[in-house]
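Read through the structure below, which is laid out as structure tokens, and then see the notes.
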Amino acid sequence: MPSIELQIENGVARVTLNRPETFNSFNREMALLLQKTLDECNINEEVRAIVLTGNGKAFCAGQDLKEVTSPELNPGFRKILEEHYNPIIERIRAIEKPIIAAVNGVAAGAGANIALACDIVVASEAASFIQAFSKIGLIPDSAGTFFLPRLIGFQKASALMMLGDKVGAKEAEQLGMLYKVFDVESFEEESIKLASKMAKMPTKALGLTKRLLNQSLVNTLEEQLAIESDLQIESAESEDYAEGVNAFIEKRKPIFKGK
């Protein structure tokens, strides 16, 4: 049974973390396979939106501690960070297609921070988020210290990371950690519905929007205005822009092709 499952349908790639017996915790095989799967989704022109979710009761419990406590399996923390988690985060932010984290259950440690790095986070009412690192004497990784303070503010992020409190889905929504919470029964359907909607949107413009949001984290106002100008010109040259304008004039629904 593969540790990552990939299903592509109607422009949506559903990427499922598939080690339910370990609450989808990462070992080296799964981390490398997720990178490969994201690369496949990136180059596949049929894929216009990506959903990242987990199989079973959990979204992802972070690192498989059995791997790091078994001398014959342990790749070492430098390898785990530089070859496993950091490349996953870099791919999530670099792929110019919307990536939705559909958090179906507990998201702990690196699992929580991978979800928070996605473009849109939705959660089941059964989901929870835990910055579990301090409980075992570690510091947050997988860009948690980058994204969480920007999502919910420095003070709250500091407390959650140091105390390791569990945050339920509804509280996470109120804090600004995620976009929407769905009830358990409709969660899967609503997640796919959201992704399907985005797969029919102007993918080029969404990708350029993502690039702008990435740049906004480091740019000055002047630098951001300049790159907005450049990318607005680029988006105005797209087929989707022409279609959007024509559809508006003709009073019909646009049919975007993602180009």
Side-chain angles (χ1 to χ4, degrees), residues 2-8 13-19 22-45 47-55 58-68 70 73-103 107-121 129 131-133 136 138-151 161 195 203 206-218:
S3 57
I4 299 291
E5 291 183 339
L6 173 63
Q7 296 172 295
I8 299 173
R14 180 173 175 159
V15 179
T16 305
L17 308 178
N18 190 39
R19 298 184 73 223
T22 66
F23 298 106
N24 301 318
S25 60
F26 275 96
N27 60 9
R28 182 170 175 82
E29 178 201 4
M30 188 167 97
L32 297 179
L33 186 54
L34 178 57
Q35 292 172 41
K36 181 174 179 286
T37 304
L38 290 172
D39 288 342
E40 289 172 12
C41 293
N42 187 31
I43 63 174
N44 187 337
E45 293 185 1
V47 173
R48 292 173 59 188
I50 299 166
V51 175
L52 179 62
T53 193
N55 187 16
F59 173 75
C60 176
Q63 175 62 36
D64 187 343
L65 294 180
K66 193 176 289 185
E67 183 177 68
V68 296
S70 302
L73 297 175
N74 187 6
F77 277 99
R78 186 166 297 280
K79 254 190 173 179
I80 287 171
L81 294 172
E82 294 180 358
E83 296 183 13
H84 299 187
Y85 297 125
N86 292 357
I88 289 170
I89 300 299
E90 287 164 356
R91 280 166 169 78
I92 287 171
R93 295 314 312 161
I95 293 171
E96 294 197 342
K97 300 175 183 183
I99 301 180
I100 299 162
V103 181
N113 292 335
I114 286 170
L116 298 180
C118 293
D119 300 303
I120 296 176
V121 184
F129 298 79
Q131 294 291 322
F133 304 92
I136 57 171
L138 292 177
I139 59 97
D141 57 35
S142 304
T145 57
F146 187 84
F147 287 110
L148 190 60
R150 288 166 169 80
L151 289 168
M161 287 179 165
T203 312
L206 298 185
L208 294 179
T209 300
K210 183 170 182 173
R211 196 189 305 177
L212 282 168
L213 288 169
N214 286 339
Q215 287 298 124
S216 75
L217 298 169
V218 295

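Side chains are part of it too, since the values below use all heavy atoms of this structure and drop only hydrogens, waters and symmetry mates. Numbers here are sequence positions counted from 1.
- The OG1 atom of Thr22 lies 8.5 Å from the NZ atom of Lys66; values are rounded to the nearest 0.5 Å.
- Nearest heavy atoms, Ala112 versus Phe129: CB-CD2, 4.5 Å.
- One finds the CD atom of Glu96 at 11.5 Å from the OG1 atom of Thr203 (value rounded to the nearest 0.5 Å).
- The minimum heavy-atom distance between Pro87 and Leu81, with the atom names listed, is CD-O, 3.8 Å.
- More than 12 heavy atoms of other shown residues, nucleotides or ligands fall within 6.0 angstrom of atom CZ in Phe146.
- No more than 12 heavy atoms of other residues, nucleotides or ligands shown are found within 6.0 angstrom of CZ on Phe23.
- Interatomic distance, Leu17 CG to Ile114 CD1, rounded to the nearest 0.5 Å: 7.5 Å.
- Here the closest heavy-atom approach between residue Ser25 and residue Arg19 is recorded as O-NH1, 2.7 Å.
- Of all non-hydrogen atoms in Ala115 and Val103, the two that sit nearest each other are CB-CG2, 3.9 Å.
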**Message:** Show, in sequence, the C-alpha distance, side-chain angles and deciding distance for Leu217 and Phe147, and conclude whether the side-chain contact (heavy atoms from CB on, under 4.5 Å) test is met.
**Reply:** CA-CA 10 Å; Leu217 298 169; Phe147 287 110; 4.2 Å; yes

Decide side-chain contact (heavy atoms from CB on, under 4.5 Å) for Cys41 and Val15; before the verdict, give the C-alpha distance in whole Å, the side-chain angles of both, and the deciding distance to 0.1 Å. CA-CA 9 Å; Cys41 293; Val15 179; 4.1 Å; yes

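- Using a 4.5 Å heavy-atom threshold, the side chains of Met30 and Asn27 count as touching.
- Although no hydrogens or angles enter the test, the distance criterion places a donor-acceptor pair under 3.5 Å between the side chain of Asn113 and the main chain of Asp141.
- Looking at Gln35, its side chain does come within 3.5 Å of a backbone N or O of Glu83 through a donor-acceptor pair.
- Across every non-hydrogen atom of Pro140 and Phe133, the tightest pair is CA-CD1, 3.4 Å.
- Side-chain atoms of Arg14 never come within 3.5 Å of backbone atoms of Gln7 as a donor-acceptor pair (strictly under, hydrogens ignored).
- Annotation for Ser142 and Ala110: closest pair OG-CB, 3.4 Å, computed over non-hydrogen atoms.
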Worked verdict on Thr145 versus Met161 for side-chain contact (heavy atoms from CB on, under 4.5 Å): CA-CA 9 Å; Thr145 57; Met161 287 179 165; 4.0 Å; yes

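- Each of Arg211, Lys97, Arg93 was scored for a salt bridge (charged side-chain N to carboxylate O under 4.0 Å, His left out) with Asp119, with one residue passing: Arg93.
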**Request:** Kindly determine whether Ile136 and Leu65 satisfy side-chain contact (heavy atoms from CB on, under 4.5 Å), including the steps that lead there.
**Result:** CA-CA 10 Å; Ile136 57 171; Leu65 294 180; 4.1 Å; yes

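- With values rounded to the nearest 0.5 angstrom, Leu148 atom CG is found 6.5 Å from Leu151 atom CG.
- A distance of 10.5 Å separates OG1 of Thr16 from CG of Leu34, quoted to the nearest 0.5 Å.
- Between the side chain of Asn55 and the main chain of Asn24, no donor-acceptor pair closer than 3.5 Å is present.
- In this structure, Thr37 OG1 and Asn42 CG are separated by 12.5 Å, a value rounded to the nearest 0.5 Å.
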